[in-house]
Enquirer: 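First, the structure itself, so that you have it in front of you.
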Number of protein chains: 2
Amino acid sequence: MSPGHTEVTVEAVGAAELEPCGQPEHPDCGIRDVLDRVGDKWSVLVIVELSNGPRRFRQLQRAVDGISQRMLTLTVRRLERDGLVLRTVYPTVPAQVDYRLTETGAGLTHLVKALAEWSLEHRDTIARARQSYDQEHPGSGIR
Amino acid sequence: MSPGHTEVTVEAVGAAELEPCGQPEHPDCGIRDVLDRVGDKWSVLVIVELSNGPRRFRQLQRAVDGISQRMLTLTVRRLERDGLVLRTVYPTVPAQVDYRLTETGAGLTHLVKALAEWSLEHRDTIARARQSYDQEHPGSGIR
DNA sequence: CAGCATCCTCCATGATACTG
DNA sequence: CAGTATCATGGAGGATGCTG
């Protein structure tokens, strides 16, 4: 997975076969587009929950503990806009809406789950690293 | 919240084999700890750059286009604190410092690269999805 | 139930200046 | 070179109230 590339910059992330794209304006090659989504506070948790099957709005809100109505709306709208989530409205009374992953979204799920598993596997290691860092650097103010 | 919930919640992320951990206080099981790092604006780009080998401070700053001195400092410090990056100071004049991934950090790199590759593979699909969403939902205000 | 509209707060990030 | 210190700010996110 690591071919013999010489000076590689951060944008040539995938390895040799990936387009370096090398535009100063887009140093991240659109990776940020996805990362901004994966990175925000709620998207991943919503995606993971949806990976267990379709969910309705309130159901999602209850599952993703702590999310506000507003943020759930925003999150799920953005995911829909990106084509990762499909939103279906049933014209019942009261209204009923469900959300499910699209195929694209499901593909991302695997990566997200891998990340989640990695997190769980290394949380202790990281926690210990932090403790020892904080001991050796008292009052560093880093969080 | 329901103490003995049988409902599958977002924390049962990996699937059946992952610890549900089920603490209302830590619904994310520490996934957030890692996600917060992966999610912030610069960590991933720094990690990816470091995956190409050790880098010095200025070198990193030049590679990660657009990062400010302050944010680079904060980012590498946090990565160091988490045990993902090793910081080595050489007592030369002027000072010389290099950063390299720890083994833990290198492990995360693989996932991050997978994410980056996925991003590149799907950026067009996502871009098209956004376009069509924006057409069908004019003035929705979603970004 | 599934939202939208407002208001408000705080923090991540940026800009700038200075230092060993 | 490799930072630290300080100030400013935009926007993410929370709280609340209302609606079809």
Side-chain angles (χ1 to χ4, degrees), chain A residues 27-28 32-33 35-46 49-50 54-81 85-100 137-143, chain B residues 27-28 32-33 35-46 49-50 54-82 85-100 133 137-143:
Chain A
D28 43 50
R32 279 252 66 86
D33 280 357
L35 252 33
D36 284 348
R37 201 91 320 151
V38 171
D40 72 23
K41 195 171 178 180
W42 302 110
S43 295
V44 166
L45 299 176
V46 168
E49 175 62 18
L50 287 180
R55 293 287 188 269
R56 299 180 31 196
F57 189 87
R58 294 286 304 172
Q59 223 177 344
L60 262 179
Q61 196 182 357
R62 277 187 294 267
V64 181
D65 195 276
I67 195 170
S68 65
Q69 213 164 39
R70 171 185 152 80
M71 287 318 295
L72 180 55
T73 300
L74 284 177
T75 300
V76 86
R77 282 293 186 285
R78 288 196 275 243
L79 292 174
E80 186 196 2
R81 176 171 182 259
V85 158
L86 180 65
R87 176 172 176 269
T88 313
V89 182
Y90 300 97
T92 61
V93 175
Q96 187 168 326
V97 179
D98 80 26
Y99 297 89
R100 67 190 65 209
H137 304 74
S140 68
I142 301 296
R143 293 296 100 103
Chain B
D28 44 49
R32 278 252 68 84
D33 281 356
L35 253 32
D36 283 348
R37 202 92 320 153
V38 170
D40 71 25
K41 196 170 179 179
W42 301 111
S43 296
V44 166
L45 299 176
V46 168
E49 174 61 19
L50 288 179
R55 292 287 187 269
R56 296 175 39 191
F57 189 86
R58 293 288 302 173
Q59 224 177 344
L60 261 180
Q61 197 182 354
R62 277 187 295 267
V64 180
D65 194 276
I67 194 170
S68 66
Q69 213 164 40
R70 173 185 151 78
M71 286 316 295
L72 181 55
T73 300
L74 284 177
T75 301
V76 294
R77 282 291 186 287
R78 288 196 274 243
L79 291 175
E80 186 196 2
R81 176 171 182 259
D82 288 355
V85 158
L86 181 64
R87 177 173 176 269
T88 313
V89 182
Y90 300 97
T92 61
V93 175
Q96 186 170 327
V97 179
D98 79 27
Y99 297 90
R100 67 190 66 212
Y133 183 95
H137 304 74
S140 70
I142 301 296
R143 292 298 96 104

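Order of the sequence lines fixes the chain letters, A, B, ..., with proteins taken first and strands second; residue numbering starts at 1 for each chain.
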Enquirer: Compare every heavy atom of A/Arg77 with every heavy atom of B/Ile142, then report the nearest pair and how far apart it is.
Expert: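 So the minimum-distance heavy-atom pair works out to CD1-CB, 3.7 Å.
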Enquirer: In sequence, state the C-alpha distance, the side-chain angles, and the governing distance for B/Leu60 and B/Glu49, and then conclude on side-chain contact (heavy atoms from CB on, under 4.5 Å).
Expert: CA-CA 7 Å; B/Leu60 261 180; B/Glu49 174 61 19; 3.7 Å; yes
Enquirer: Just do the side-chain contact (heavy atoms from CB on, under 4.5 Å) check on B/Leu50 and B/Arg100 with the steps written out, would you?
Expert: CA-CA 6 Å; B/Leu50 288 179; B/Arg100 67 190 66 212; 5.8 Å; no
Enquirer: What is the distance, to the nearest angstrom, from the CD atom on A/Gln61 to the P atom on C/dA2?
Expert: 10 Å
Enquirer: At their closest point, which heavy atom of A/Arg37 faces which heavy atom of B/Arg143, and how far apart are they?
Expert: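 Heavy atoms only, the tightest pair is NH2-O, 3.6 Å.
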Enquirer: If every non-hydrogen atom of B/Val85 is compared with every non-hydrogen atom of B/Tyr99, which pair is closest and at what distance?
Expert: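 So the minimum-distance heavy-atom pair works out to CG1-CD2, 3.9 Å.
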Enquirer: Take N1-N3 plus N6-O4 or O6-N4 for Watson-Crick, N1-O2 plus O6-N3 for G-U, both under 3.5 Å. Which runs of 3 or more such pairs involve DNA chain D?
Expert: C:1-20 with D:1-20
Enquirer: Which heavy-atom pair separates A/Asp40 from A/Ser43 by the least distance, and what is that distance?
Expert: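 Where A/Asp40 meets A/Ser43 most closely, the heavy atoms are OD1-OG, 2.7 Å.
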Enquirer: Which whole-number value in Å describes the distance from B/Gln96 CD to D/dG3 C1'?
Expert: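 Interatomic distance, CD of B/Gln96 to C1' of D/dG3: 14 Å.
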Enquirer: What contact category does A/Tyr99 fall into here, base, sugar-phosphate, or nothing, at under 4.0 angstrom with non-hydrogen atoms?
Expert: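 Touches sugar-phosphate only.
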Enquirer: Could you give the CZ-to-C1' distance, from A/Arg62 to C/dG3, as a whole number of Å?
Expert: 15 Å
Enquirer: Can you tell me how far the CZ atom of B/Arg58 sits from the CG atom of B/Leu72, to the nearest 0.5 Å?
Expert: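 Spacing of CZ (B/Arg58) from CG (B/Leu72) equals 9.5 Å.
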Enquirer: Tell me the closest heavy-atom pair linking A/Trp42 and A/Val64, and the distance in Å.
Expert: CE3-CG1, 3.7 Å
Enquirer: Between A/Gln96 and A/Arg56, which heavy-atom pair has the shortest distance, and what is it?
Expert: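 Minimum heavy-atom contact is CG-NE, 3.4 Å.
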Enquirer: For the pair made of CZ in A/Arg55 and C1' in C/dC1, what is the distance, rounded to whole Å?
Expert: 17 Å
Enquirer: Please encode protein proximity along nucleotides 4-20 of chain C as a string of B, S and -, counting only heavy-atom distances under 4.0 Å.
Expert: B-B------BBB-B---
Enquirer: C/dC1, OP1 or OP2 - any side-chain N/O from A/Arg58 closer than 4.0 Å?
Expert: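 So the side chain of A/Arg58 is within the cut-off, an N or O lying under 4.0 Å from OP1 or OP2 of C/dC1.
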Enquirer: For B/Arg143 and D/dG11, what is the distance between atoms CZ and P respectively, to the nearest whole Å?
Expert: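 Roughly 13 Å, once rounded to whole Å.
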Enquirer: Could you tell me how far apart A/Asp36 (CG) and D/dA12 (P) are, to the nearest whole angstrom?
Expert: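 Answer to the nearest Å: 9 Å.
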